[in-house]
Novice: 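One structure coming up, written as structure tokens, with questions to follow.
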Amino acid sequence: MPAPGRSLLLLILWILPMGANAEIVISGAWIKNLPPTIPMRAGYLDISNQGAQSERLVSLHSPSFEKVEIHRSFEQDGLSKMEMLPALSIPAAGRIRLQPGARHLMLIDPLQDISIGDQIELCLEFEKAGTKCINMEVRK
Amino acid sequence: MNKSSIVLVVLLALVAGFIGSLYLNSSKPVKLESALWFGEQSRALPAFVLVDHNRQNLDNNRLLGKWSLLFFGYTNCPDICPLSMQTLSAMVEAIEQPELRDRLQIYFVSVDPERDQPEQLASYMAYFNPAFIGASAAAEQLDVLTRSLGIAYQIHKTAEDERSYGVDHSSAIILTNPAAEYAGLFSAPHDASVMARDMTIILERY
């Protein structure tokens, strides 16, 4: 391999891992409390992607719930509807906000009593950044 | 300001007040800030019977004597329905005069009767607002009311998802008058202070 080709290859090999190292910051995570008779809760948070590549949130898990899904509430033709989203994309240098009445987390079947003030662990699995675990505070 | 312009302002105010009173007395539906109020076109509801969260009947007679707001939802709806409960609580609080507030009752009608048994509705009302009344009924009875109000709903229960399924439902909040007639509606999005202003106008006038 001629020298210029080799240095280009080295440059590419040097840059690649930087892209893979997308910086994900999760903030403002909380769970809306409900009466204990209801087997699900909505959760909200902000995900900020400070990396130079887009990211995808592909799955979620919490030791306090049987399953965690991504849902979206929306209004269509006078109807209030909800749908499940298979994943969430977060653009490079972008931020997405999960908030009441819009995209949110659906935490299904609590495995323990959930009360106001509790800190519930949630692990988010990203396509590139891997798994990030945070605590979500249960609020009124 | 000289004399003639004061006279002009007073005249204009009188004319505006007169037009305004014609408007509110008109036999046509009146569009308020967020409510569509049917006025004289309010219409009687067919005979219906739901069961409230205390296992008492909620029928046409229960609606007599007060204005009522009926909103439709289900308790296994952790995102939107708590928002609606909070908006309606804030709306009631935003009606300044207590004597007007006392003439209004809020109902949460569940379109998910299978999961929303009276006990479930009772704990939901106790949690969000003990002054609200929760009610539902098996589809046959429930549909007498929902159809007459133009409220649609669809239960997405499947063999794979028997417990955490969603229910699409109309987001309109329905107004009934003290004669238990369908008297108007508030379309989404619902804002507590806007709704309170409209309700105050309706309650003050009638």
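Reminder, nothing fancy here: chain letters follow the sequence lines and each chain counts from 1. Note that this is a predicted model, so its numbers are computed, not measured.
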Novice: Please determine whether the number of non-hydrogen atoms from other residues, nucleotides or ligands lying under 6.0 Å from atom CD of B/Glu114 exceeds 12.
Specialist: no
Novice: B/Ile151, B/Ile80, B/Val167: which one forms the most heavy-atom pairs within less than 4.5 Å of chain A?
Specialist: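 Most heavy-atom pairs under 4.5 Å with chain A: B/Ile80.
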Novice: Most heavy-atom pairs under 4.5 angstrom with chain B, which of A/Met82, A/Gln99, A/Lys140?
Specialist: A/Lys140
Novice: Quick one, B/Arg163 with A/Ile108, criterion side chain to side chain contact (heavy atoms under 4.5 Å, CB included). Give me CA distance, side-chain angles, the key distance, then yes/no.
Specialist: CA-CA 10 Å; B/Arg163 294 185 54 245; A/Ile108 301 165; 6.0 Å; no
Novice: Any chance you could measure A/Ser80, atom OG, to B/Phe71, atom CZ, to the nearest 0.5 Å?
Specialist: 11.0 Å
Novice: If you count heavy atoms of other groups shown closer than 6.0 angstrom to CD of A/Gln112, is the number above 12?
Specialist: yes
Novice: Please flag which part of B/Gln86 lies under 4.5 Å from any non-hydrogen atom of chain A: side chain, backbone, both or neither.
Specialist: side chain
Novice: Could you walk me through whether A/Thr37 and B/Tyr124 pass the side chain to side chain contact (heavy atoms under 4.5 Å, CB included) check?
Specialist: CA-CA 9 Å; A/Thr37 47; B/Tyr124 205 72; over 6 Å; no
Novice: Can you establish whether the number of heavy atoms outside A/Arg139 located under 6.0 Å from its atom CZ is more than 12?
Specialist: yes
Novice: For A/Asn33, which atoms come within 4.5 Å of any heavy atom of chain B: side chain, backbone, both, or neither?
Specialist: both
Novice: For the backbone of A/Gly101 and the side chain of B/Asp79, can you confirm whether one donor and one acceptor N or O come within less than 3.5 Å of each other?
Specialist: yes
Novice: CD of B/Glu204: more than 12 outside heavy atoms within 6.0 angstrom?
Specialist: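 Yes, enclosed.
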Novice: Can you measure from CD1 (A/Ile38) to SG (B/Cys77) and round to the nearest 0.5 angstrom?
Specialist: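 A/Ile38 CD1 to B/Cys77 SG: 9.0 Å, rounded to 0.5 Å.
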Novice: Measure from the side-chain N and O atoms of B/Ser171 to the backbone N and O of A/Gly78, and report whether any donor-acceptor pair falls under 3.5 Å.
Specialist: yes
Novice: Is it the backbone or the side chain of A/Lys32 that comes under 4.5 Å from a heavy atom of chain B, or both, or neither?
Specialist: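 The answer is the side chain of A/Lys32.
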Novice: Answer with side chain, backbone, both or neither: which region of A/Met106 has an atom nearer than 4.5 Å to a non-hydrogen atom of chain B?
Specialist: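 A/Met106 touches chain B through side-chain heavy atoms alone.
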Novice: Considering only heavy atoms, which portion of B/Phe128 lies under 4.5 Å from any heavy atom of chain A: side chain, backbone, both, or neither?
Specialist: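 Contact with chain A is through the side chain of B/Phe128 alone.
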Novice: Can A/Met40 and B/Asn76 be said to form a side chain to side chain contact (heavy atoms under 4.5 Å, CB included), step by step?
Specialist: CA-CA 7 Å; A/Met40 53 189 72; B/Asn76 282 252; 3.6 Å; yes
Novice: If I measure from the heavy atoms of chain A, does B/Ser170 come under 4.5 Å with its side chain, its backbone, both, or neither?
Specialist: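 For B/Ser170, the contact with chain A is made by backbone and side chain together.
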